[in-house]
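Structure first, commentary second.
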Number of protein chains: 2
Amino acid sequence: MGRWEPDARERLVRAALDLFSEQGYENTAVAQIAERAGLTKSTFFRHFRDKREVLFGGQDVLAGLMTGAISGAPAEAGPLEAVEAALVATVGTFTDERRAHGPQRLAVIAGNDELRERSALKMVGFAVSMTDALKRRGVPELEAAVAAELGVLAFNHGYERWLETGGDFAEVARRTFSDVRAAVGSLERAE
Amino acid sequence: MGRWEPDARERLVRAALDLFSEQGYENTAVAQIAERAGLTKSTFFRHFRDKREVLFGGQDVLAGLMTGAISGAPAEAGPLEAVEAALVATVGTFTDERRAHGPQRLAVIAGNDELRERSALKMVGFAVSMTDALKRRGVPELEAAVAAELGVLAFNHGYERWLETGGDFAEVARRTFSDVRAAVGSLERAE
DNA sequence: TACGGTGATGAGACCAAGTCCCATCACTTT
DNA sequence: AAAGTGATGGGACTTGGTCTCATCACCGTA
C-alpha cells in the first residue's frame, strides 16, 4: 500500500478531471493535479505514462475483453456476430460511476487536440486488436479490417448513446451495432 | 524569400526524415534537425506546429480535395460513389518524389507511438471531413459515417499498395475501394 | 543610389512535460 | 528488533514548445 491515504490513482483521475473542466487541459500543470490529489509530480508519472493518459485508463482492459470475446465466439459465428459479441463483452466496465463523469470526460477530450489525438489512437488500438482476433479465426484480412472498423464505429456511437440514455450497455451496443449494419445495407442498396 | 538558401521547409523535412531513420525519432532533437537543415529551432517551429508535424505536411490539402470531390459529385451518385471520387481526387498529391521516401516515412511512423498517434488523428480528420461532406449531400448520419470510414480504410490500404506497386494512384484507389466493397458484401452474406 | 517596408530568420529567456536517481517512509516478514 | 518491500518525495536534468526582440535579405520607390 502507499503511505497516507489509499486510492492514489483514483484521486489523481478525479483531480485531473475537475481541474481540466475548471481551467482547461492546457492551463493545468501536472504538478497542480498531483498537488490537489495530495501527491507529487513524480507519483503522477508513476501511475500514468503521460498527462493525457490520466483520462484513458483501462482501455487495454477493454481491448482484452474484445479480443477474448472474438476468440471465444462459437465457430459458426460470422465476423460481424463475433464483433457484436466483442462489444457486448465490455458491458462490465460500463458502471454507474463511469457514466457519472462520462460527459465531463468527453467534453474535456473534445476541447483539446492532444486528447483527441490520444482518443484516436485508442480507437485504432481497438480496431487492430479486433482485426487480429478475427484473422486468427480465419477471416480474410480485408473483411476482418472492415468488420473491426464497423465495430469501433458502433462502439463509439453506442458509448455516447449510453451516456445519454443510460440502461444496460449490452442492450445499447446491440441496438447500435444493428443500426450500423442497417446503414451498411442502405449503402449497398443505394446504387 | 528567406535569407540564404531557399526551400527551408523541404530541407527540414528531409533532415528530419533522415535523422529519424538514422537515430530514431525520440533520439533526435528538434535543434538537431534544424541544424542539419542549416536553420534554428525557432525557424523549425515557424514551419511546423510541433515535432511530429514535420512528417504529416499537406494532410489538410488532402482533406480539402476529398470534401471537394464529394461536394462536386453528380447528384445521382450514391455515398459510396462519392467517397470513391474523393479518393481518386487526391491523385495529384501522389508524386514520384513522395513515393520515393514513402516507405522510409512509414517505417519511422510505425516505430514511434507519438507518430502513430498523430497518424491516427489525421485519419480521423479525413473521416470527419468526408462524413460532413456526405451529410451536406443529405446522406443520413450513420450511413455517412460508415461510408467515410470505409473510404479511410481504402485510402490507407491503397496508399500502401501504391508504395509497393507504383503506377497511377487513381487506379490503385479504385481497385482497393472495390476490394473493400467486396469485403463488405462478403460480410453481409456471411450469416 | 539611397531609403523605408516586408517577411523570414536568429537568439535567447522562459515554462511545462517527462526522465532519472536517490533518499525516505509505511508496512510486512522473519 | 532487524531486514525487506513498495510506494512516495524531491530535485536535477533534457527537451518540446512559446514568446519577444533584434537582425538580415530582398523589393519597390524616390
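Letters A, B, ... are given to chains in the order of the sequence lines, protein chains preceding strands, and every chain is numbered from 1.
For the pair B/Arg98 and B/Phe94, the cation sits on the ring face: its NZ or CZ lies under 6.0 Å from the ring centre, inside 45° of the axis. Geometric assessment of B/Arg105 against the ring of B/Phe56 yields a positive cation-pi assignment under the 6.0 Å and 45° thresholds.
Residues A/Leu134 and A/Val83 meet the side-chain proximity criterion, which asks for heavy atoms closer than 4.5 Å.
Each of B/Leu39 and A/Ala31 lies near DNA chain C, and the nucleotide nearest B/Leu39 is the one positioned closer to the 5' end. When each of A/Lys41 and A/Arg46 is assigned the nucleotide of DNA chain C bearing its nearest heavy atom, the one mapping closer to the 5' terminus is A/Lys41.
For B/Tyr25 and D/dG16, the OH to P distance is 8 Å, given to the nearest whole Å. Atoms CG (B/Asp50) and C1' (D/dG16) sit 9 Å apart, rounded to a whole Å. The interatomic distance linking A/Asp7 (CG) with D/dA7 (C1') rounds to 14 Å, in whole Å. If you take CZ of B/Phe44 and P of C/dT9, they are 13 Å apart, rounded to a whole angstrom. A/Glu26 places its CD atom 18 Å from the P atom of C/dC15, with the value rounded to the nearest Å. Taking atom CZ of residue A/Arg49 and atom P of nucleotide C/dT19, one finds them 9 Å apart after rounding to whole Å. At whole-Å resolution of the value, CD in B/Gln32 and P in D/dT15 are 9 Å apart. For the pair B/Leu19 CG and D/dG16 P, the interatomic distance rounds to 12 Å; values are reported in whole Å.
Of the side-chain N and O atoms in B/Thr40, one or more sit less than 4.0 angstrom from OP1 or OP2 of C/dG10. For A/His47, no side-chain nitrogen or oxygen approaches OP1 or OP2 of D/dA7 to under 4.0 Å.
Each of D/dG16, C/dA17, C/dT9 was ranked by its minimum atom distance to the side chain of B/Thr43; first place goes to C/dT9. The side chain of B/Val30 has D/dG16 as its nearest neighbour among D/dG16, D/dG9, C/dT19. Taking only side-chain atoms of B/Lys51, from C-beta outward, the nucleotide of D/dG17, D/dT8, C/dG10 with the closest atom is D/dG17. Nearest to the side-chain atoms of B/Ala29 among the listed nucleotides D/dG9, C/dT9, D/dG16 stands D/dG16.
With B/Val172 as reference, B/Arg161 is the one residue of B/Glu164, B/Glu160, B/Arg161, B/His157 to meet the side chain to side chain contact (heavy atoms under 4.5 Å, CB included) rule.
Note on ring orientation: taking the six-membered ring where Trp is involved, the planes of A/Phe155 and A/Tyr159 are parallel (angle under 30°, cut-offs 30° and 60°).
The residue B/Arg52 sits close only to the backbone: its heavy atoms come under 4.0 Å of sugar-phosphate atoms, none of a base.
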